[in-house]
Amino acid sequence: MTTWRIMITIARYHLLQRLLYLVLPWAILAFSFAVNLVISAELPPNTNRSGGLATIYVYVFAGGLLATVRSLPFGLALGVSRRSYYLGTAGLGVVLAAVYGLALTAAQALERATGGWGVTLHFFELSYLLDGPWYLTWLTSFVGLVLLFVHGMWFGLVYRRWNLTGLVAFIAGHISTLLAAALVVTWTHTWAGIGDFFTALSAAGLTGVLAALAAALLAGGFTTIRRVTV
Amino acid sequence: MTATITVSGLTRRYRHHLALDDVGLTVDGPSITGLVGRNGAGKTTLLRIVAAQELPTAGRVLVFGASPIENDAVLRRMVFVREDQTFPDIKVRDALKAASWFHPHWCGELAETLIGEFDLPTDRAIKRLSRGMRSALSIVIGLAARAEVTLFDEPYAGLDAVARRLFYDRLLAEYAEHPRTVLLSTHLIDEVAGLLERVVMIDRGRVVLDAAADDIRGEWTTVSGPSAAVEQLVAGRPTRGRRRIASQESVIVAGALDDIDHLRARELHLRVEPLSLQQVVVQASNPAAEEPNDRTHA
């Protein structure tokens, strides 16, 4: 049985790498923010938008990846089941995403209060996706971060189980799935319908779609770890 | 009564080779069992399957009467030290900390002592340790875990002779104080001969020898001296490994020699030596060498 205690111990095991999970994501985001701040200060004061926020999402993906590629063998050597390892790791991802989401929400609030840090920089605010009330900003950030963490975990597990060939096939599978979906939409002439769906979909609705996707990835990764050997 | 470890019909097939072929093995109660065999014989695969790190193609493994696969209750009571353990990017101290969280019988005091004896720098990142130091770290974890089932897979890679001696001494001392079921795979057989109570030999994925270490030691004897005298003594016995240089001959004879044989050997001026564990294992891994006994003197 996977107990809470084991899950927490697994999370602590990962957090031994403080730099990887706690320091670097924020250091990189801070650097990206600083760069944007300097540029914005030089630009005329209209609304300066930036994609710099993406760095933390990319970093969280890498965190999930390393949690399975690098840390799994010693983790299993410590005497836990694959299931416990998986749930503990995913649990850590959920908690980190919740806390990170909170920090991003606070930063967004501060950005709004200071008129974009005094230079109309919209670093923590993205139109449509992250421009609602604070709780929606938190929810969308949280879901997005969980999504990338569990996706990274799955990538790492695929690599552990099937090596590079498997990883290439896995990525090819991703692309093929998107291609197949696009082709189906084209052949059924439903692009307009899809457009309407997303236009009509609120940020909250989109968050729901992302949450469903995250749940699917979590289930997919679990089926992969069941037969991973180290 | 369920045995501590029961392996039955265990087979592991990889795409192009059979790593384990219908392996059966029962280990019950506290003991130190040596798992010996050549490189690629299947020792590591067997231990990995017992530790549920690898999965069997067929057959099964029971530890404390239950399958260790996805079984936290069983896995918690085991520790597996492997030669090629990969670690995350952490320091020595962190690895020990993690081990202390997971192993219920962890002895921090022992870990400290061993760290000192092996001279391990706790502040250093594991990836910056030498091969031998990494082995020492794994050994410290394996011993300090005080797990009821302790699996060592060639744990001494890169360790110098002094450190290996230290490992054997500490293993024995720990075993005496806190008896546990130890499986130790090795090919430095003579070095650990004094430690082992039982020897299981695996060759090409099959168990070819499974006996008490004491029984094995007396099982083969080398007789050497002048050819004619050697022939006289070994007549009618199964022999192997015959070597002849000029008029001198050396023959390995199955079975222990009794008092009368020893007396005769002395009269014939022959040297008689029991084969060491290592030599027995070499013999056992080479069954084709058995010679037809065609040079007997009736």
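These numbers come from a predicted model, not from an experiment. Residue numbers begin at 1 in each chain, while the letters A, B, ... track the order of the sequences.
B:Glu54 and A:Thr229 make their closest contact through OE1-CG2, 2.9 Å (heavy atoms, listed as atom of the first residue, atom of the second, distance). In plain terms, the two heavy atoms of B:Glu70 and A:Arg82 that are nearest each other are OE1-N, 2.7 Å. The two residues A:Leu78 and B:Ala98 make their nearest non-hydrogen contact at CD1-CB, 4.1 Å. Closest approach of B:Thr86 and A:Arg160 over heavy atoms only: OG1-NH2, 4.5 Å. In terms of heavy-atom proximity, A:Gln17 sits nearest to B:Asp89 at NE2-N, 3.6 Å.
If you take CZ on A:Phe74 and CD1 on B:Ile90, they are separated by 5.5 Å, rounding to the nearest 0.5 Å. The distance from atom CH2 of B:Trp101 to atom CD1 of A:Ile10, rounded to the nearest 0.5 Å, is 10.5 Å. To the nearest 0.5 Å, atoms CZ (A:Arg83) and CD1 (B:Ile69) are separated by 12.0 Å.
No more than 12 heavy atoms of other residues, nucleotides or ligands lie within 6.0 Å of OH in A:Tyr159, so this atom counts as exposed by the packing criterion. Atom CH2 of A:Trp134 has 12 or fewer neighbouring heavy atoms from other residues, nucleotides or ligands inside a 6.0 Å radius. Annotation for A:Tyr135: atom OH does not count as buried by contact number, only 12 or fewer foreign heavy atoms lying within 6.0 Å. Annotation: A:Arg112, atom CZ; neighbour count of heavy atoms from other residues, nucleotides and ligands within 6.0 Å is above 12. Within a 6.0 Å sphere centred on CZ of B:Arg198, other residues, nucleotides and ligands contribute more than 12 heavy atoms.
When heavy atoms are compared at a cutoff of 4.5 Å, B:Gln85 approaches chain A solely by way of its side chain, counted from C-beta outward. Of the atoms belonging to B:Ala145, not a single heavy atom falls under 4.5 Å from chain A. Heavy-atom distances place both the backbone and the side chain of B:Asp94 under 4.5 Å from chain A. Heavy atoms of B:Ala99 lying under 4.5 Å from chain A belong to its backbone as well as its side chain. Using a 4.5 Å cut-off between heavy atoms, A:Val69 does not touch chain B at all. Residue A:Thr3: no heavy atom, backbone or side chain, is found under 4.5 Å from chain B. Looking at B:Arg76, both its backbone and its side chain come within 4.5 Å of chain A, counting heavy atoms on both sides. Looking at A:Arg12, the atoms closer than 4.5 Å to chain B (heavy atoms on both sides) sit in the backbone and in the side chain alike.
Listed by chain and number, the residues in a side chain to side chain donor-acceptor pair (under 3.5 Å) with B:Glu148 are B:Arg77 (sequence neighbours excluded).
B:Leu75 has its side chain within reach of A:Ser81: a pair of non-hydrogen atoms, C-beta onward, lies under 4.5 Å apart. No side-chain heavy atom of A:Ser71 sits less than 4.5 Å from a side-chain heavy atom of B:Phe87.
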